[in-house]
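Model, not experiment: these values are computed from the prediction. So that the names make sense, note that chain A is the first sequence line, chain B the second, and so on, each numbered from 1.
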Number of protein chains: 2
Amino acid sequence: MSAANIKQSALAHFAKNGYEGASLKHIADDCGIKKPSIYAHFSSKQDLFLQVLQDVFQRQEELMVAYFLNHTDWPLEQQLHGFLENRLQAYQLDDEVQFFMRMAFFPPSTLYDEVMAMVYPLLDQQEQNLSRLLASGCPEHGRIIRHPRDAAIAFMTLVDGIHLETVFGGEERALRRLAAAWPVYWLGVTKQKYNHKS
Amino acid sequence: MSAANIKQSALAHFAKNGYEGASLKHIADDCGIKKPSIYAHFSSKQDLFLQVLQDVFQRQEELMVAYFLNHTDWPLEQQLHGFLENRLQAYQLDDEVQFFMRMAFFPPSTLYDEVMAMVYPLLDQQEQNLSRLLASGCPEHGRIIRHPRDAAIAFMTLVDGIHLETVFGGEERALRRLAAAWPVYWLGVTKQKYNHKS
DNA sequence: ACTCTCCTAACTAACGATCGTTAGTTAAAT
DNA sequence: ATTTAACTAACGATCGTTAGTTAGGAGAGT
């Protein structure tokens, strides 16, 4: 039994039951080993959790960066829409997105600082990257994103709303949201000329 | 000490630490009573939790219904935008929204069915009400919502994205999202004429 | 008005189970 | 021969929960 197997099993339990709800006994049972054997690989439950956390956040960041790097030749519209689709199909592969969402928004209170130290940079970077991407506009359609920073924030709101639905209702419900919300977003962001009343 | 006080304290603990992370001892300490005294009012931790759950869901539903009933004379645009603002300021009053989000998306696995039996009807009703509202269009602007059902789903995606941000970053960050995402949504939904390319 | 009774809501003490964790041991692999 | 990774046994703490007790207030009967 390798440390990677234990982390994989722990990931599933942390994702489904949270930090406090996941017990080392159940994780060990999943691996076919006894509870104390975990301590041959990890110094504590905290240690196991924080290693899982780091792995997941690093991988999620890599996935998001890699997506945009691999599609710089696509039109902006396809890049953004494909990103949402990409996140959806990445979701059903494993429990990483559920874990990610749970820990970003409902971290174990005893480890709040440690978790947030990983969440904040990732979200900041995501917003920054999106702002730059959207600031480049979309000349091949003759459209211009007027407020790239706002468009980036709105996009992240959309990402979160769809992510939440994957956690809640699974892929098919999330696809329904994507199909309904994407055209609204794209139209709103490309034809943006809005005067908010008071 | 009344049952209402215990439920209020329990709500705070469940919202902050989840079902498994909240202990009856801490809840009792908050109330200034001893742990077993809780059992004079509730038959079990489950019972306490489910009563809190029912109270919160019922109140949240009432708040949402009441908002739209009290603003039928407003233009559609104001109704929807005001709803988002209303949800935001309701959030900081107490822990109800955090509790609501946590339990809707990360329910305690041992009580999954009981929680979902309350979540599903509320969300279905919300979508239905929004669909009807949006289907009525917005004649005073000369605008027509072309796909009211999709617009309702997109609005709920927006609601969730903003709700999530209140849980994550508090009111000011959520207001930032609202300011950025609302114009995008409204423009996208009023000028909807979109052909999705495969 | 006074006592007796009943009920409520708190208490203390303790239960068994499970929690994360440590110590000490063993068998296999390097 | 040394290290690795598993094991058993057991630790103290905390979990939710139950039993048994006690003080105080409400209502009824004399």
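- Rounded to whole Å, the distance from CZ on A:Phe42 to P on D:dA6 is 11 Å.
- Note: CD1 (B:Ile6) to P (D:dG16) measures 14 Å, nearest angstrom.
- A close approach under 4.0 Å does not occur between any side-chain nitrogen or oxygen of B:Lys34 and OP1 or OP2 of C:dC11.
- In this structure, A:Ala28 reaches neither bases nor backbone, as no heavy-atom distance under 4.0 Å exists between it and the strands shown.
- Regarding contacts with the backbone of C:dA9, every side-chain N or O of B:Ser37 stays at 4.0 angstrom or more from both OP1 and OP2.
- As a whole-Å value, the separation of B:Ile38 CD1 from C:dA10 C1' is 12 Å.
- The separation between A:Lys45 atom NZ and D:dT14 atom P is 15 Å, rounded to whole Å.
- Taking atom CD1 on A:Ile27 and atom P on D:dA6, their separation rounds to 15 Å, with Å as the unit.
- Between the side chains of A:Asp124 and A:Gln128, no donor-acceptor pair of N or O atoms lies under 3.5 Å.
- Both B:Pro36 and A:Gln46 lie near DNA chain C, and the one whose nearest nucleotide falls closer to the 5' end is B:Pro36.
- Taking atom NZ of A:Lys35 as the reference point, atom C1' of D:dC11 lies 11 Å away to the nearest angstrom.
- Nearest nucleotide to the B:Leu24 side chain, out of C:dT22, D:dC7, D:dT17: D:dT17.
- Checked against the 6.0 Å centroid criterion, the rings of B:Tyr120 and A:Phe168 qualify as a close aromatic pair.
- The closest side-chain heavy-atom distance from B:Phe155 to A:Val184 is not below 4.5 Å.
- Within the 4.0 Å cut-off from OP1 or OP2 of C:dA10, at least one side-chain nitrogen or oxygen of B:His41 is found.
- Residues A:Asp55 and A:Arg59 have side chains not in contact (no heavy-atom distance under 4.5 Å, counting atoms from C-beta outward).
- Side-chain atoms of B:Ser23 and B:His26 include a donor-acceptor pair closer than 3.5 Å.
- One atom, CG of B:Asp47, and another, C1' of D:dT17, lie 13 Å apart when rounded to the nearest Å.
- Below the 3.5 angstrom threshold, one finds no donor paired with an acceptor across the side chain of A:Lys25 and the base of C:dG20.
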